[in-house]
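Here is the structure we will look at, set down as C-alpha cells.
Only heavy atoms go into these numbers, but all of them, side chains included; no hydrogens, no water, no symmetry mates.
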Amino acid sequence: MSVDPSSPAPAPSDFIRDIVAADVAAGKYAKIVTRFPPEPNGYLHIGHAKSICLNFGIAREQNGQCNLRFDDTNPVKEDVEYVDSIVRDVRWLIAGWADSCLGFKPRGGKPIPVTSNGQPDSYLGPVSPDSPDAEPFFASDYFEALYAYALTLIRNGDAYVCDLSAKETDEYRGAPDQPGRDSPWRGRSVAENLALFEGMRRGDFPDGARSLRAKIDMASPNVWLRDPLLYRIRHVPHHHAGNAWCIYPLYDYAHCLSDYLEGITHSICTLEFVDHRPLYDWILEKLRLPRALPHQYEFAKLVPGYTLVSKRKLLHLVTQGIVSGWDDPRMPTLSGLRRRGVPASALRRFVTGVGVTKYDSVTDIALFEHAVRDELNGSSERRLAVLRPIKLVLTNLAPGEIVSCEATNNPQSDTPTTRPVDLTREVYIESDDFAEVPPPKYFRLKPGGEVRLKYACIIKLDEIVKDASGAITELRCTADLTTRSGQPNADRKVKGTIHWVSATTCIDAEVRLYDRLFSVAEPAREEDFLRVINPKSLETVTAKLERSLAGLAGGVCHQFERLGYFTTDPVASRPDRLVFNRTITLKDAWTAPGGK
RNA sequence: UGCCCGAUGGUGUAAUGGUAGCACAAGCGACUCUGACUCGCUUUGUCUAGGUUCGAGUCCUAGUCGGGCAGCCA
C-alpha cells in the first residue's frame, strides 16, 4: 500500500525532542528555530540526512523553522559547486514534508541593527524560500557583525592578539593531561589589541603572523578552553564574501554567534562537539547579548554498515575515479542515492526510524534496505524484464503468433490496472530460472518439469538444445494454453512461477546492477579503505524488456518482477536508449543448499 | 596516565522507580500466477560488583569496556 499522507507515522520521540518540548512548555521561546549548517566542502551524504530530518522534523512538529545555513568560514576548502549541490539535496529530501519550515533569507541580506529588550542588537530574519529573492543563510554574511563582536571581546579584556606561530601555539597548549602555558602576548593592553586586530583586518600582516584568541584558561582540563583561536589571517578570496576579508573566524567563534544572529533556539550537532559546548556558551555569555541564547545539544551521528560517511574519504573515491562522481549511484551521497532511485520518503523513514541517541553505533544496512523496499513496493508498477536471457521455444505456438496476456500493473493497488504482454513462440527467461541439474527444492524450470510463465500459462520442458561445445542454446517447451487466465485450467497449480519476455517484441536496455561499494561492514575501521572495495559493486548487462517500457521518459521506478526495483538513470537514459539503475533487489528468501 | 560522552537480544531503539516492548535481521509455518508482499509462531537482551528502595534497565558508588578531545578544519 502506498503511504497515506493523511495518517502519518506518529511523531518520533527522543531526548532532544523531549528538551524542545520542555522548553516549549516552559514558554522559553516564542518560536522554535533550528538550523542545518553544512560546510560547503563536499556533498551531503546519508549521515547528513539524519541531521536534516532531525532539525527539520523538530521545526515541523513545533510549527517552527529550520534555517539552511552554510558554515563557510574556511574559504580554502569551500566551493560554490558544493553550495549548489547542498541546496538541491536538502530541498529534495524535505520536499512535500517540511518545505514550509525551510528558513531562507533575503538575497544579500545581512544582520541588521535592532533593539531587543531595550538594548542594541543585531538580527537576521527569515523569508519564504519560494520568494524570488530568497537564498540560504551564510555565516560569511555575518563577518562584519562577528568582527564587531570581536572588538567587544577585546574591549572587555576577553580576547587578545597573539603573535605565536601555529607550531608555538601547539606547544603552549600543552597536552590533555598536561596544562598549557600562557602566551607571552596574553597581557597586551586593550588599546594594543584593538590596533593590532584592526591591522589584521586591514591586511597589514601575512598569513599566520598573528591570531585573535579568547582569553580563558590555559590550564583548563578542557583543551578547547585553553585560549582558543577566534580569527586567523588568510589572504584568500571567499566564494561568497568575495575579496572583502583577509581574516576569517574559526568555527567555534562563528557558529554560536551565527546561531544567535538568526534567533536559533536549539543548535543540534554531533557528539564530537560536546567538548566545544563550554566554549559555545562562554562566547555568548561574555557578550551579554540581549535576546534569549541558543543552546547546543549533541547526538550520535548515523553510520550505516558497508558504507563510508567521511567527506574526505568520499572525495578520495571521486578524485581517484573509483566512482564516476559524487552522484555515482553507489555513493552514500544524497545525490547518489537519488540517482540510484531511492525515494526521499524512504530515506526520511530510515533516518527517523533509527532514532536519536548519544550512543555511537553502526546501523545495520538492512534497516535502510527495508525502508526502500517497503516504500517502492507500494508505489512501483510491475514489469517483466530478463537480465540474463536464455532462449526458450514454445514448440506448439506458430511462428509469428502472438497470444496477448493481461498483466497486473500493481497488485498492491486498491484498484489495479492491467496492460497486455505478448506471448510468442520464442521467449527469453532468466538463466537462473533453469537448472539442468537442480538442487533440492528448486521450484523453477528443470528437465521434464513444469513452471508457470507469469501472466501467461504453464509450460513443460521437453528438450535442452546444446551447441557443439556443450553450451545450452535453447530450451524447447510445450505451452498449455488452457492454463491461461480465464481458461478452464487457469487455476492449475505448479510450484514455480517465472518471469519472461517475448523474444520477438521485447526491447534491449542497458541495466546497471549495483551492489554495496564495500565488502566489509565497517570500512572506516580499515587501515586502507580502498582495499575493501567490493570489486563487483557494478555489473552492467544488456537486458530484454517487455515492449511496454519502450520510450520510457524517466524518473519513474518500476519493479521488474522477481528481480527488484529499477529506475532510469537520469544522466544516461534516453527514451530511445534506455539505461536503468537497479535501486535495490527484492528480498530473496531462497538460498540453494550450499549457498548460491 | 587529564577532561568529556556512552553501554538494553545479531542490529537500531522503547520503557522517565512498578509486567523489559517495538522495528529490522534470523528460523519455522500459512498464503501465493513475484521463493516478493501479507499473516502466524519462535529464538535471542538490561556490562560487572556493591548500595538506596517494598520494588532498580532506570537513582548512587566503584570498576570494566567502547567512543571523543591536544587544526590557525568544521
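Of the C1' atoms belonging to B:rG45 and B:rG10, the separation is 11 Å, rounded to the nearest Å. Comparing B:rC60 with B:rA7, their P atoms are spaced 13 Å from each other, to the whole Å. B:rU44 sits 43 Å from B:rA70 when the C1' atoms are compared, rounded to a whole Å. Taking atom C1' on both B:rU46 and B:rC3, the two are 28 Å apart, rounded to the nearest angstrom. To the nearest whole angstrom, the two P atoms, one in B:rC37 and one in B:rA23, are 15 Å apart. Atom name P, nucleotides B:rG17 and B:rA26: the rounded distance is 37 Å, in whole Å. With P as the reference atom, B:rA49 and B:rC65 are 16 Å apart, rounded to whole Å. B:rG35 and B:rC47: their P atoms are spaced 42 Å apart (whole Å).
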Residue pair A:H240, A:D141: steps toward the side chain to side chain donor-acceptor pair (under 3.5 Å) verdict: CA-CA 8 Å; A:H240 185 75; A:D141 283 327; 3.1 Å; yes
Sub-3.5 Å pairs of nitrogen or oxygen atoms, protein against nucleotides 14-19 of chain B:
residue: B:rU16; atom: O4; partner: A:D18; partner atom: OD2; Å: 2.8

Taking only N/O atoms, report every protein-nucleotides 21-28 of chain B pair under 3.5 Å with atom names and distance.
none

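Residue A:Q559 is classed as a base contact, given a heavy-atom separation below 4.0 Å to a base.
Side-chain contact of A:S548 with A:R383: a donor-acceptor pair under 3.5 Å is present, judged by distance alone. Checked by atom type, the side-chain pair A:T408/A:R382 shows no donor-acceptor distance below 3.5 Å. Using modelled atom types, one finds no donor on one side chain facing an acceptor on the other under 3.5 Å when comparing A:D227 with A:Y172.
A donor-acceptor contact shorter than 3.5 Å is absent between the side chain of A:S140 and the backbone of A:D72. Within the 3.5 Å criterion, the main-chain N or O of A:W185 finds a donor-acceptor partner in the side chain of A:S183. In terms of modelled atom types and a separation under 3.5 Å, the side chain of A:K544 and the main chain of A:V427 share no donor-acceptor contact. A:Y231 places a side-chain N or O within 3.5 Å of a backbone atom of A:Y147 that can act as its donor or acceptor partner.
With sequence neighbours left out, the ring pair (Phe, Tyr, Trp, His ring centres under 6.0 Å) criterion links A:F143 to A:H238, A:W245, A:Y248. Applying the ring pair (Phe, Tyr, Trp, His ring centres under 6.0 Å) criterion to A:Y251, with sequence neighbours excluded, gives A:H255, A:F273. Taking the side-chain contact (heavy atoms from CB on, under 4.5 Å) definition, one finds that A:D433 meets it with A:E430, A:R444, A:I498, A:H499, A:R562, sequence neighbours left out. Every residue two or more places apart in sequence or in another chain that forms a salt bridge (charged side-chain N to carboxylate O under 4.0 Å, His left out) with A:R277 is listed here: A:E298. Every ring pair (Phe, Tyr, Trp, His ring centres under 6.0 Å) that A:F70 has, sequence neighbours left out, goes to A:F138.
The distance from atom OH of A:Y359 to atom C1' of B:rC65 is 10 Å, rounded to the nearest whole Å. Whole-Å rounding puts the A:Y253 OH to B:rA74 C1' distance at 17 Å. Whole-Å rounding puts the A:Q412 CD to B:rC31 P distance at 19 Å. For A:D177 and B:rC4, the CG to P distance is 14 Å, given to the nearest whole Å. The separation between A:L54 atom CG and B:rU13 atom P is 12 Å, rounded to whole Å. Taking atom NE2 of residue A:H255 and atom C1' of nucleotide B:rC73, one finds them 14 Å apart after rounding to whole Å.
Here side chain to side chain donor-acceptor pair (under 3.5 Å) pairs that include residues 201-210 of chain A, with residues two or more places apart or in two chains, are A:E144-A:R201, A:D163-A:R210, A:R202-A:D204. Screening residues 487-498 of chain A for side chain to side chain donor-acceptor pair (under 3.5 Å), with sequence neighbours left out, gives A:E450-A:R492, A:D480-A:R492, A:T482-A:N489.
Put simply, A:T408 has no side-chain N or O that comes within less than 4.0 Å of OP1 or OP2 on B:rC33. Remark: A:R173 is in phosphate contact with B:rG71, judged by side-chain N or O atoms under 4.0 Å from OP1 or OP2. Neither OP1 nor OP2 of B:rA74 sits under 4.0 Å from any side-chain N or O of A:K311.
A 4.5 Å side-chain heavy-atom check between A:L196 and A:F205 finds at least one atom pair inside the cut-off.
Applying the 90° cutoff around 0 to the glycosidic angle, B:rG71 is assigned syn.
Looking at which nucleotide of RNA chain B each of A:A209 and A:A300 is closest to, the 5′-most match is held by A:A300. Along RNA chain B, the nucleotide closest to A:P38 and the one closest to A:F443 are compared, and the more 5′ of them pairs with A:F443.
Considering only side-chain atoms of A:A589, the nucleotide from B:rG67, B:rU13, B:rA36 that sits closest is B:rA36. Listed nucleotides B:rU34, B:rA70, B:rU13 differ in distance to A:R562; the shortest reach to its side chain belongs to B:rU34.
Contacts of residues 229-239 of chain A with RNA chain B (heavy atom under 4.0 Å): A:L229, A:R232, A:R234. Annotation: proximity of residues 272-283 of chain A to RNA chain B (heavy atom, distance under 4.0 Å) is found for A:E272, A:F273, A:V274, A:D275, A:H276, numbered in ascending order.
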Let's test your reading of the pairing rules: Watson-Crick or G-U wobble, both distances under 3.5 Å, then write RNA chain B as a dot-bracket string with ( ), [ ], | and dots. .((((((..((((....[..)))).(((((.......)))))....(((((..]....))))))))))).....
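Using a 4.0 Å cut-off between charged nitrogen and carboxylate oxygen, A:K77 and A:E39 do not count as a salt-bridge pair.
Screening A:E561, A:R484, A:E546, A:E406 for a side chain to side chain contact (heavy atoms under 4.5 Å, CB included) with A:Y455, the sole residue that qualifies is A:E561.
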